[in-house]
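Taking it in order: structure first as C-alpha cells, then the write-up.
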Amino acid sequence: MESNNKPILYWSLLTFRDLNFYIASTSKGLVFVGSPNKPFEELSEWAKKRFSRSPLVEAAEKLEPYAVEITEYLEGKRKTFTVSFDYDGTAFQLAVWNALCAIPYGQTRSYSDIANSINKPAAVRAVGAAIGANPVLITVPCHRVVGKNGSLTGYRGGFEMKTRLLDLERQGLSSNE
C-alpha cells in the first residue's frame, strides 16, 4: 500500500531484441527508463537518490502498459506516448522536459532551440544539464536534441542508441510518405 510520503517504486526489465531496459513507475505513472543494457544498479542508484524512502518492488504486470508503448515505439509502430508520467524535477527541468516532448517525431532541435522555446535563451548549458537529468529516456525524447551544427551530442543511453533512435524515426517518417 502506498502512502503520500512513501510511494512504492515498481520496476521491471523490458527486453526488446538486443536491448534490455530497466523501467520503473509509481502508481501514478512512469518515473524511469534506464539506459540500454545497463545493470540493475543504474535503477537502484537512481532510486536511492530520488525515492530514498520508497521500497523497490519488481512488478512486471504494473509496468506492462509502459513496456507495451516503448516496445511499439522501438518496433516503429508508435510515434507518441500516451502513458502517464510521475517524474519530478525543478521547474526549469520540467520546462525543458516538456519542450522535449513538443519536438515532433523524426525531427531534431538544438540546445539553443530548446532554451529559446522556454524563453531562457542564455540558459543553453543549463538546458543541457536538464536534458542530462531526464529520467525517462525514449518517452521524453532527449535523443532528438543535437548540437547547433546538427552533430550528435551526449546522451545517457550512449551515442549508438541515440543514432539508432534517430534512424528509427527517420525510417518511420519515410515509410509513411
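All values derive from a computational prediction rather than experimental measurement.
- A search for ring pair (Phe, Tyr, Trp, His ring centres under 6.0 Å) contacts involving Tyr155 returns nothing, not counting sequence neighbours.
- Residues forming a side chain to side chain donor-acceptor pair (under 3.5 Å) with Asp86 (at least two apart in sequence, or on another chain): Thr26.
- Taking all atoms of both residues into account, the shortest heavy-atom contact from Tyr66 to Ser84 is CE2-O, 3.6 Å.
- The side chain to side chain donor-acceptor pair (under 3.5 Å) check on Ser52 picks up nothing, with sequence neighbours excluded.
- For Trp11 and Phe40, the ring centers are positioned less than 6.0 Å apart.
- What you find for Ser112 and Val124 is that their closest heavy atoms are OG-CG2, 3.9 Å.
- Clustering ILVMFWY residues whenever any of their side-chain heavy atoms sit less than 4.5 angstrom apart, transitively, puts Val146 in a cluster other than the one holding Val140.
- The residues Asp167 and Arg164 are annotated as not salt-bridged, no charged nitrogen and carboxylate oxygen being separated by less than 4.0 angstrom.
- With sequence neighbours excluded, no residue satisfies ring pair (Phe, Tyr, Trp, His ring centres under 6.0 Å) with Phe16.
- Glu72 and Arg78 are joined by a salt bridge, as a carboxylate oxygen and a charged side-chain nitrogen come within less than 4.0 angstrom of each other.
- Legend: residues meeting side-chain contact (heavy atoms from CB on, under 4.5 Å) with Glu160, ordered by chain and number and at least two apart, are absent.
- Side chains of Glu58 and Ser12: a donor-acceptor N/O pair is absent below 3.5 angstrom, by distance only.
- Contact detail for Leu30 and Ala24: the closest heavy-atom pair is CD1-O, 3.3 Å.
- Sorted by first then second residue, the side-chain hydrogen bond (donor to acceptor under 3.5 Å, both in side chains) pairs that include residues 125-144, not counting sequence neighbours, are Tyr73-His143, His143-Glu169, Arg144-Glu169.
- Every residue was checked against the side chain to side chain donor-acceptor pair (under 3.5 Å) condition with Asn119, not counting sequence neighbours, and none meets it.
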Stepwise side chain to side chain contact (heavy atoms under 4.5 Å, CB included) check, Leu63 with Ser25: CA-CA 7 Å; Leu63 278 292; Ser25 74; 3.9 Å; yes

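- Transitive grouping of hydrophobic side chains (ILVMFWY, heavy atoms separated by less than 4.5 Å) keeps Val68 and Ile23 in distinct clusters.
- Atom CG of Leu165 sits about 7.0 Å away from atom CG of Leu74, to the nearest 0.5 Å.
- Evaluation of the side-chain contact (heavy atoms from CB on, under 4.5 Å) rule for Thr80 yields no partner, not counting sequence neighbours.
- Side-chain contact between Arg156 and Glu42 is present, with at least one heavy-atom pair separated by less than 4.5 Å.
- Pairing each heavy atom of Asn116 with each of Pro121, the nearest pair is OD1-CB, 3.0 Å.
- Not counting sequence neighbours, Lys49 has no partner by the side chain to side chain donor-acceptor pair (under 3.5 Å) test.
- You'll find the side chain of Ile70 reaches within 4.5 Å of the side chain of Val33, heavy atoms only.
- Among residues two or more places apart in sequence or in another chain, the side-chain contact (heavy atoms from CB on, under 4.5 Å) test is passed with Lys120 by Phe92, Ile118, Ala123.
- A ring-ring contact (aromatic ring centres under 6.0 Å, His included) with Phe32 is found for one member of Phe51, Phe85, Trp46, Tyr87 and no other, namely Trp46.
- Applying the side-chain contact (heavy atoms from CB on, under 4.5 Å) test to Ala59 and every residue at least two apart in sequence or in another chain returns Tyr10, Glu61, Lys62.
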Trace of the salt bridge (Lys or Arg N to Asp or Glu O under 4.0 Å) decision for Asp88 with Arg50: CA-CA 9 Å; Asp88 68 341; Arg50 302 299 283 193; 2.8 Å; yes

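- Pairing each heavy atom of Leu137 with each of Gly34, the nearest pair is CD1-O, 3.7 Å.
- Side chain of Ser54 to main chain of Pro7: a donor-acceptor pair is present (N/O by atom type, distance under 3.5 Å, no hydrogens or angles).
- Among all heavy-atom pairs drawn from Met161 and Ile138, the shortest one is CE-CD1, 4.3 Å.
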Throw together a table of side-chain donor-acceptor distances under 3.5 angstrom for residues 93-107, partners on residues two or more places apart or in other chains.
residue : atom : partner : partner atom : Å
Gln93   : OE1  : Thr90   : N            : 2.9
Trp97   : NE1  : Ala130  : O            : 2.8
Asn98   : ND2  : Leu94   : O            : 3.2
Gln107  : OE1  : Arg109  : NH1          : 3.1
Gln107  : OE1  : Arg109  : NH2          : 3.1

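- Looking at heavy atoms from C-beta onward, Val31 lies out of side-chain contact with Val136 at the 4.5 angstrom threshold.
- Atom CG of Leu168 is separated from atom CD of Glu75 by 10.0 Å, given to the nearest 0.5 angstrom.
- Leu13 has its side chain out of reach of Phe21: every pair of non-hydrogen atoms, C-beta onward, lies at least 4.5 Å apart.
- In terms of modelled atom types and a separation under 3.5 Å, the side chain of Asn37 and the main chain of Asn20 share a donor-acceptor contact.
- Here the CG-CG distance, from Leu152 to Asn149, works out to 10.0 Å after rounding to the nearest 0.5 Å.
- The closest donor-acceptor contact from the side chain of Ser35 to the backbone of Lys38 lies at 3.5 Å or more, if one exists at all.
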